[in-house]
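Following: one structure in structure tokens, then a few remarks.
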There are 2 protein chains.
Amino acid sequence: MKDLVSRCPIEEVMQVISGRWPSLLIYYLKQGTKRFSDLRRDNPTISHKMLTLELRKLEDAGIVERSEFEGYPLRVEYDLTPAGLKLVPLLDALGSWWDATAAGRSRGSTLPVEVTE
Amino acid sequence: MKDLVSRCPIEEVMQVISGRWPSLLIYYLKQGTKRFSDLRRDNPTISHKMLTLELRKLEDAGIVERSEFEGYPLRVEYDLTPAGLKLVPLLDALGSWWDATAAGRSRGSTLPVEVTE
DNA sequence: AGTAAATTACGCACCTTTTTGTAACCACGA
DNA sequence: TCGTGGTTACAAAAAGGTGCGTAATTTACT
């Protein structure tokens with residue numbers, strides 16, 4: 001994903017939050033400060049390479065803050081920035097929208113979805 | 001992107017609206033009914049393969065409605081569904097968020113970013 | 001009148017590009 | 001030697017592009 005210069009802010013956000021990991025990482029970081037290894041434990045199927053890449057991307061986007069502490073085994077902490085925190089409800093809104101529109105979709109899911117409308 | 005069964009609605013939405021095209025297609029469809037070739041004109045850099053794949057995905061997600069008309073050269077129309085329309089303001093909100101947090105980011109943009117720290 | 005070509009919205013096969021995974025390596029100190 | 005938080009190189013997988021084929025009918029040319 002080369003940094004194609006897009007005229008549209010929506011395109012730009014999507015470049016950052018698109019994909020499998022960003023929303024998950026934001027979700028876990030919302031719970032509070034996390035270390036690199038915490039995030040790997042939270043999400044065991046991400047490779048360490050992906051985790052570093054995605055964290056870097058979120059950091060560049062101003063969503064995540066990285067704090068490095070000197071020491072024995074290097075310690076690095078990750079947090080959501082204030083901007084990142086503001087993003088959370090927007091993602092939640094998407095999730096709610098998805099649930100709300102679930103009726104229209106064809107899913108073999110076992111969960112009976114009750115819709116009044 | 002195999003249909004990994006995710007427990008989280010946000011993950012599921014992201015699977016649908018992630019990537020370069022969905023937000024753009026939604027943007028253009030918001031302007032009203034569009035035909036396949038209209039969408040290609042709106043967005044000249046998408047290939048016909050991608051356009052069909054993405055439209056299919058949005059259709060499956062209940063965001064886009066496809067209407068096929070019998071005839072000479074086959075005619076197909078695409079529209080946002082009511083659910084799709086409800087998605088629009090959520091994407092707009094993401095765009096606004098991006099613009100609002102623009103100050104924190106490091107861009108080679110010509111706009112002078114003033115940082116106090 | 002007869003033939004050729006264009007049109008629309010794709011599907012399919014092949015090939016290239018991009019993304020992601022894997023494994024090895026780094027420094028440091030317990 | 002292990003654990004920390006990485007980087008790098010190489011390999012595998014996934015995504016995406018290109019071009020051809022298709023239907024049925026109109027239009028264009030001769």
Side-chain angles (χ1 to χ4, degrees), chain A residues 1-6 11-12 14-25 28-29 32-61 63-80, chain B residues 1-6 11-12 14-25 28-29 32-61 63-80:
Chain A
M1 206 180 270
K2 292 279 143 256
D3 61 8
L4 78 123
V5 192
S6 67
E11 271 187 85
E12 296 187 357
M14 290 317 294
Q15 284 180 38
V16 175
I17 64 172
S18 270
R20 187 172 169 189
W21 304 119
S23 65
L24 271 175
L25 296 180
Y28 286 117
L29 285 170
T33 301
K34 297 271 182 172
R35 301 180 53 176
F36 188 86
S37 46
D38 292 330
L39 290 168
R40 291 213 62 189
R41 265 184 292 276
D42 286 335
N43 207 107
T45 61
I46 195 173
S47 69
H48 59 275
K49 179 183 171 183
M50 265 299 101
L51 184 52
T52 48
L53 288 176
E54 295 292 304
L55 284 172
R56 211 64 83 209
K57 186 176 69 172
L58 293 175
E59 198 192 343
D60 290 347
I63 295 169
V64 161
E65 199 201 336
R66 199 185 102 106
S67 317
E68 199 173 323
F69 299 91
E70 306 259 341
Y72 342 104
L74 179 60
R75 186 162 64 94
V76 180
E77 291 184 354
Y78 292 94
D79 282 282
L80 288 185
Chain B
M1 203 179 274
K2 293 280 145 254
D3 61 6
L4 78 122
V5 193
S6 68
E11 272 186 84
E12 296 187 357
M14 290 318 294
Q15 284 179 38
V16 175
I17 63 172
S18 270
R20 188 171 169 190
W21 305 118
S23 64
L24 271 175
L25 295 181
Y28 286 117
L29 284 171
T33 301
K34 296 270 182 172
R35 301 181 53 177
F36 188 85
S37 47
D38 291 331
L39 290 168
R40 291 212 64 186
R41 262 184 294 276
D42 287 335
N43 206 108
T45 63
I46 196 172
S47 67
H48 68 271
K49 180 184 170 182
M50 268 298 101
L51 183 51
T52 48
L53 288 177
E54 295 292 304
L55 284 172
R56 212 65 83 207
K57 186 177 68 172
L58 293 176
E59 198 192 344
D60 290 346
I63 294 169
V64 162
E65 199 201 337
R66 198 185 101 107
S67 317
E68 200 173 323
F69 299 89
E70 305 261 339
Y72 345 99
L74 179 61
R75 185 161 65 96
V76 180
E77 291 184 355
Y78 293 94
D79 281 282
L80 288 186

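Each chain gets a letter, A, B and so on, in the order its sequence line appears, and its residues count up from 1.
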Could you tell me how far apart [X] ([atom1]) and [N] ([atom2]) are, to the nearest whole angstrom?
| X | N | atom1 | atom2 | value |
| --- | --- | --- | --- | --- |
| B/Q15 | D/dA14 | CD | C1' | 14 Å |
| B/I46 | D/dG17 | CD1 | C1' | 12 Å |
| B/R41 | C/dT7 | CZ | C1' | 12 Å |
| B/E54 | D/dG17 | CD | P | 10 Å |
| A/L51 | D/dG6 | CG | P | 8 Å |
| A/D38 | D/dG3 | CG | P | 15 Å |
| B/L53 | C/dC10 | CG | C1' | 11 Å |
| A/E70 | D/dT4 | CD | C1' | 14 Å |

Would you please confirm or rule out a distance under 4.0 Å between OP1 or OP2 of [N] and any side-chain N or O of [X]?
| X | N | answer |
| --- | --- | --- |
| B/R56 | C/dG11 | yes |
| A/S37 | D/dG5 | yes |
| B/R35 | C/dT8 | no |
| B/R40 | C/dA9 | no |

Closest-nucleotide mapping onto DNA chain C: is A/W21 or B/L55 further toward the 5' terminus? I mean the 5' end. B/L55
Sequence-distant partners of A/S67, side-chain hydrogen bond (donor to acceptor under 3.5 Å, both in side chains), two or more places apart: none
A/E70: which residues meet the side-chain hydrogen bond (donor to acceptor under 3.5 Å, both in side chains) condition with it, sequence neighbours left out? none
Test side chain to side chain contact (heavy atoms under 4.5 Å, CB included) on B/L24 and B/I46; report intermediate values, then the result. CA-CA 11 Å; B/L24 271 175; B/I46 196 172; over 6 Å; no
Using a 4.0 Å heavy-atom cut-off to protein, can you give one letter per nucleotide of nucleotides 22-30 of chain C, 5' to 3': B if the base is in contact, S if only the sugar-phosphate is, - if neither? BBB---BS-
Residues A/M14 and B/S18: closest non-hydrogen pair is CE-CA, 4.1 Å
Classify A/Y78 by what it touches in the nucleic acid, base, sugar-phosphate, or nothing, heavy-atom distance under 4.0 Å. sugar-phosphate
For the salt bridge (charged side-chain N to carboxylate O under 4.0 Å, His left out) test, which of A/R40, A/R41, A/K34, A/R35 pairs with A/D38? A/R41
Is there a side chain to side chain contact (heavy atoms under 4.5 Å, CB included) between A/N43 and A/W21? Walk through the geometry before answering. CA-CA 9 Å; A/N43 207 107; A/W21 304 119; 3.0 Å; yes
Would you please test B/D42 and B/L25 for side chain to side chain contact (heavy atoms under 4.5 Å, CB included) and show each step? CA-CA 9 Å; B/D42 287 335; B/L25 295 181; over 6 Å; no
